[in-house]
Trainee: 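One structure is given below, represented as structure tokens, and several questions about it will come after.
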Protein chains: 2
Amino acid sequence: MKEYSEATRTVRSELRLQSFLPYILSKLADTISVELSGIYGDEYGLSVPEWRIIANLAQHGTLNARQIVDFAGMEKSKVSRAVKRLTVRGLLTQQRASVDNRAKDLALTGAGETLYRAIVPRVLAWEKTLLEGLEVGEYRDLLYLLEKLGRQLHLLNVAPAQEWGGAEPGDKPWAAA
Amino acid sequence: MKEYSEATRTVRSELRLQSFLPYILSKLADTISVELSGIYGDEYGLSVPEWRIIANLAQHGTLNARQIVDFAGMEKSKVSRAVKRLTVRGLLTQQRASVDNRAKDLALTGAGETLYRAIVPRVLAWEKTLLEGLEVGEYRDLLYLLEKLGRQLHLLNVAPAQEWGGAEPGDKPWAAA
DNA sequence: CAATATTAGTTGCTTATACAACTATATTTA
DNA sequence: TAAATATAGTTGTATAAGCAACTAATATTG
């Protein structure tokens with residue numbers, strides 16, 4: 001694989017937004033999300049949380065809300081309300097889980113499946129045009145790098161990387177300003 | 001540069017969220033954003049839009065709201081309200097632009113600069129630990145790939161890639177469901 | 001096995017966001 | 001240059017998000 005550019009990572013003490021990963025990722029993800037939700041949103045009336053719930057159910061089969069929370073990384077209240085809307089719309093069913101009477105097994109209805117199968121090719125086609133900018137190898141590398149980044153991020157959160165500075169909880173010097 | 005993995009991009013007709021770029025990017029960016037805003041948010045009382053405005057002003061010097069909108073890709077109403085809050089807090093100044101009486105030149109105050117300079121090393125240190133998972137070359141490649149993706153995305157939006165399906169504006173089959 | 005703690009999911013409430021409408025100024029064009 | 005358009009920024013408003021409190025069921029533990 002060829003080297004892509006001459007940019008180097010030096011130990012910076014200045015912040016250049018153009019090469020600040022959180023900034024780049026955030027803008028990119030945001031733009032992509034807006035574009036994509038133009039498909040399942042405008043044309044199929046799904047919000048982002050609704051679409052994600054459907055996609056996860058389609059992929060994994062029956063799930064309860066907590067599992068969706070885990071898979072999709074969404075707030076449980078967000079999931080709860082989105083599930084309610086989808087149920088009202090007849091796109092999924094809820095059934096009290098026999099093994100745990102607190103949990104509800106969620107599954108797509110026929111209508112939900114149908115909707116999902118209508119959306120998938122549209123969404124994949126859009127992704128394809130997006131990826132047309134990349135070589136096959138580049139796409140593979142990108143997935144690899146993002147996954148690696150995700151793993152590192154997970155590590156950081158699990159092992160809190162102690163002492164990030166000095167401010168205590170409740171110590172808000174700015175509050176006075 | 002070595003090949004990272006054996007994953008291949010086939011023409012898919014099924015959606016696997018684990019390798020669906022919008023999904024991956026969104027989750028990653030979201031997690032990073034939450035982590036990062038734990039620094040400038042919890043400890044310095046800045047919201048995401050506020051922090052972005054400050055960072056852009058610090059980097060580019062005086063800007064008006066529209067320029068910030070362009071640089072940061074934020075809604076103008078979001079920028080407007082965040083600017084108001086920052087001004088009240090004494091972190092930036094507004095001055096009617098002499099060349100265009102509609103526009104206001106925005107600039108960091110001393111306090112704004114100071115706050116920014118307190119945050120930057122924290123934020124860079126955090127980014128550094130995040131990037132510790134990557135080789136230098138991998139980081140470079142990642143930036144390159146994301147930038148390439150961004151360019152392609154921009155292209156798609158400029159040239160609307162006509163006829164994305166068939167639904168007309170106002171044609172919402174789902175609305176009946 | 002009773003008391004305590006944990007977990008699944010819902011709901012209330014405050015704040016943030018997005019979109020459109022609006023004011024004021026600038027630019028274009030007929 | 002008057003009229004029509006476009007642009008900078010603000011504000012109103014409906015909806016969404018995020019957090020905490022809550023109910024009900026399940027696990028843990030002394």
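No experiment lies behind these values; they were computed from the predicted model shown. All chains are named by letter (A, B, ...) in the order of the sequence lines, taking the proteins before the strands, and each is independently numbered beginning at 1.
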Trainee: Can you tell me how far P of C/dC19 sits from CG of A/Asp42, to the nearest Å?
Mentor: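 After rounding, the gap between these two atoms is 9 Å.
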Trainee: Once rounded to the nearest 0.5 Å, what's the spacing between atom CG of A/Leu86 and atom CG of A/Leu46?
Mentor: 7.0 Å
Trainee: I need the NZ-P distance between A/Lys104 and D/dT26, as an integer number of Å.
Mentor: 14 Å
Trainee: Hey, are B/Tyr40 and B/Arg122 close enough side-chain-wise for a donor-acceptor pair under 3.5 Å?
Mentor: no
Trainee: Does the side chain of B/Asn64 reach to within under 4.5 Å of the side chain of B/Leu106, using non-hydrogen atoms?
Mentor: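 No, side chains not in contact.
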Trainee: I'd like to know if A/Arg102 reaches the base of C/dT7 with its side chain such that a donor and an acceptor end up less than 3.5 angstrom apart.
Mentor: yes
Trainee: With heavy atoms under 4.0 Å as the rule, sort A/Lys76 into base, sugar-phosphate or nothing.
Mentor: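 If one applies the 4.0 Å heavy-atom cut-off, A/Lys76 turns out to touch a base.
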Trainee: Check the phosphate of C/dG9 against A/Lys84, side-chain N and O only, distance under 4.0 Å to OP1 or OP2. Yes or no?
Mentor: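 It does not, given that no N or O in the side chain of A/Lys84 lies less than 4.0 Å from OP1 or OP2 of C/dG9.
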Trainee: Please give, in whole Å, the distance from D/dT11 C1' to B/Arg85 CZ?
Mentor: 14 Å
Trainee: Within the structure shown, what part of the strands sits under 4.0 Å from A/Ser47 by heavy-atom distance: base, sugar-phosphate, or nothing?
Mentor: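 Nothing: the residue A/Ser47, judged by heavy atoms under 4.0 Å, touches no strand.
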Trainee: Do we see a donor-acceptor contact under 3.5 Å between the side chains of A/Arg16 and A/Ser19?
Mentor: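 Note: A/Arg16 and A/Ser19 side chains meet the donor-acceptor criterion.
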Trainee: With a cut-off of less than 4.0 Å, is there a side-chain N or O of A/Asn101 near OP1 or OP2 of D/dT26?
Mentor: yes
Trainee: In whole Å, what is the span from the CZ atom of B/Arg96 to the P atom of D/dT10?
Mentor: 8 Å
Trainee: So, B/Gln18 and A/Gln59: side-chain donor and acceptor under 3.5 Å apart, yes or no?
Mentor: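 Result is yes, a qualifying pair exists.
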Trainee: Is the shortest side-chain heavy-atom distance between A/Leu142 and B/Asp141 below 4.5 Å?
Mentor: no
Trainee: Without decimals, in angstroms, what is the distance between A/Glu75 CD and C/dA8 C1'?
Mentor: 15 Å
Trainee: Write down the distance between CG (A/Asn64) and P (C/dT7), rounded to a whole number of angstrom.
Mentor: 14 Å
Trainee: Choose from D/dA17, C/dT25, C/dG9 the nucleotide whose nearest atom is closest to any side-chain atom of A/Ala103.
Mentor: C/dG9
Trainee: Is the backbone of A/Gly41 close enough, under 3.5 Å, to the side chain of A/Glu50 for a donor and an acceptor to pair up by distance?
Mentor: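 It does not hold such a pair.
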Trainee: Without decimals, in angstroms, what is the distance between B/Asp100 CG and C/dT23 P?
Mentor: 19 Å
Trainee: What bend angle does the helix from C/dC1-D/dG30 to C/dA30-D/dT1 show across its length, from five-pair end axes and to the nearest 10 degrees?
Mentor: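 It works out to 30° between the end axes.
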Trainee: May I ask you to verify if any side-chain N or O of B/Lys78 is less than 4.0 angstrom from the OP1 or OP2 atom of C/dA18?
Mentor: yes
Trainee: If you find the nucleotide of DNA chain C closest to A/Ala65 and the one closest to B/Ala97, which residue's nucleotide is nearer the 5' end?
Mentor: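 The 5'-side residue here is A/Ala65.
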Trainee: Report the distance from atom CZ of A/Arg81 to atom P of C/dC13, rounded to the nearest whole Å.
Mentor: 11 Å
